Amino acid sequence: MDLDGVAKAFVDHYYTTFDTNRATLVGLYKEDSMLSFEGDKYKGAANITAKLTSLPFATCKHQITTVDCQPSGPAGGMLVFVSGALQVGEGEHPLKFSQMFHLMPAGPGNFYVQNDMFRLNYG
C-alpha cells in the first residue's frame with residue numbers, strides 16, 4: 001500500500017468536504033472516534049460532526065502546505081499530520097493550523113478517523 005498516496009487522497013477528500021459540506025464528514029468517524037479541537041474533546045461521530053458544523057463561519061478554504069504520514073501499529077493504521085492555512089471570510093487574513101489524524105482500516109482500501117487533533121498556530 002502506498003501510504004503517501006493514501007494520505008494525500010484522504011487529505012484532499014477531507015478538506016474539500018470540510019470546505020463545501022461539513023455535515024457529510026460524519027461518515028469518516030465512528031462512535032469511538034475522538035476529536036480534540038483547540039483543547040476541547042468530543043467523542044463519537046455525531047458529537048464530532050455537531051462541533052464541526054457549529055463553527056462560527058459559513059465558508060472557509062483550506063490551503064495545505066505539508067502532509068506527512070507514518071504507519072501505525074499492527075492493525076494497519078496510519079498517522080497523518082497536516083499543516084496549512086485556513087481562510088475564513090472574505091478579506092480576512094489566513095490562520096495557520098496543524099491537524100493530526102489517526103486513520104484505522106475499515107475494510108479493504110477504506111479508512112475511518114479514530115483520532116483527530118486540531119490546533120490553530122499563533123505567533
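As the structure is a computational prediction, the values presented were derived from the model and not from experiment.
- For residues 72-85, every residue pair satisfying the side chain to side chain donor-acceptor pair (under 3.5 Å) rule, not counting sequence neighbours, is listed here: Thr66-Ser83, Ser72-His102.
- There is a path of hydrophobic side-chain contacts, each under 4.5 Å, that joins Val11 to Phe37.
- With sequence neighbours left out, Thr65 forms a side chain to side chain donor-acceptor pair (under 3.5 Å) with no residue at all.
- Without hydrogens or angle criteria, Ser33 side chain to Val113 main chain gives a donor-acceptor distance under 3.5 Å.
- If you take CD on Gln114 and CE on Met78, they are separated by 15.0 Å, rounding to the nearest 0.5 Å.
- For residues 18-32, the set of pairs meeting the side chain to side chain donor-acceptor pair (under 3.5 Å) definition, not counting sequence neighbours, comprises Tyr14-Tyr29, Asp19-His62, Tyr29-Asp116.
- Scored by the side chain to side chain donor-acceptor pair (under 3.5 Å) test, Ser54 finds no partners at all (sequence neighbours excluded).
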Would you please test Phe10 and Phe101 for ring-ring contact (aromatic ring centres under 6.0 Å, His included) and show each step? CA-CA 10 Å; Phe10 169 78; Phe101 300 96; 4.9 Å; yes
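- Shown here are the salt bridge (charged side-chain N to carboxylate O under 4.0 Å, His left out) partners of Asp12, two or more places apart in sequence or in another chain: Lys8.
- When the side chain to side chain contact (heavy atoms under 4.5 Å, CB included) test is applied to Pro71, the partners found at least two apart in sequence or on another chain are Leu3.
- Taking Leu120 as the reference, Glu38, Leu95, Phe97, Phe118, Tyr122 meet the side chain to side chain contact (heavy atoms under 4.5 Å, CB included) condition, with sequence neighbours excluded.
- Tyr15 pairs by the side chain to side chain donor-acceptor pair (under 3.5 Å) definition with Gln99, not counting sequence neighbours.
- Applying the under-4.5 Å side-chain rule to Ile, Leu, Val, Met, Phe, Trp and Tyr, the cluster around Tyr112 extends to Met104.
- Taken together through direct or relayed side-chain contacts under 4.5 Å among Ile, Leu, Val, Met, Phe, Trp and Tyr, Ile64 and Leu28 form part of one hydrophobic cluster.
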Pairs under 3.5 angstrom only: tabulate donor-acceptor contacts from the side chains of residues 39-53 to other protein residues two or more places apart or in another chain.
{"from": "Asn47", "atom 1": "ND2", "to": "Lys43", "atom 2": "O", "distance (Å)": "2.8"}
{"from": "Thr49", "atom 1": "OG1", "to": "Ala45", "atom 2": "O", "distance (Å)": "2.8"}
{"from": "Thr53", "atom 1": "OG1", "to": "Thr49", "atom 2": "O", "distance (Å)": "2.9"}
{"from": "Thr53", "atom 1": "OG1", "to": "Ala50", "atom 2": "O", "distance (Å)": "3.2"}

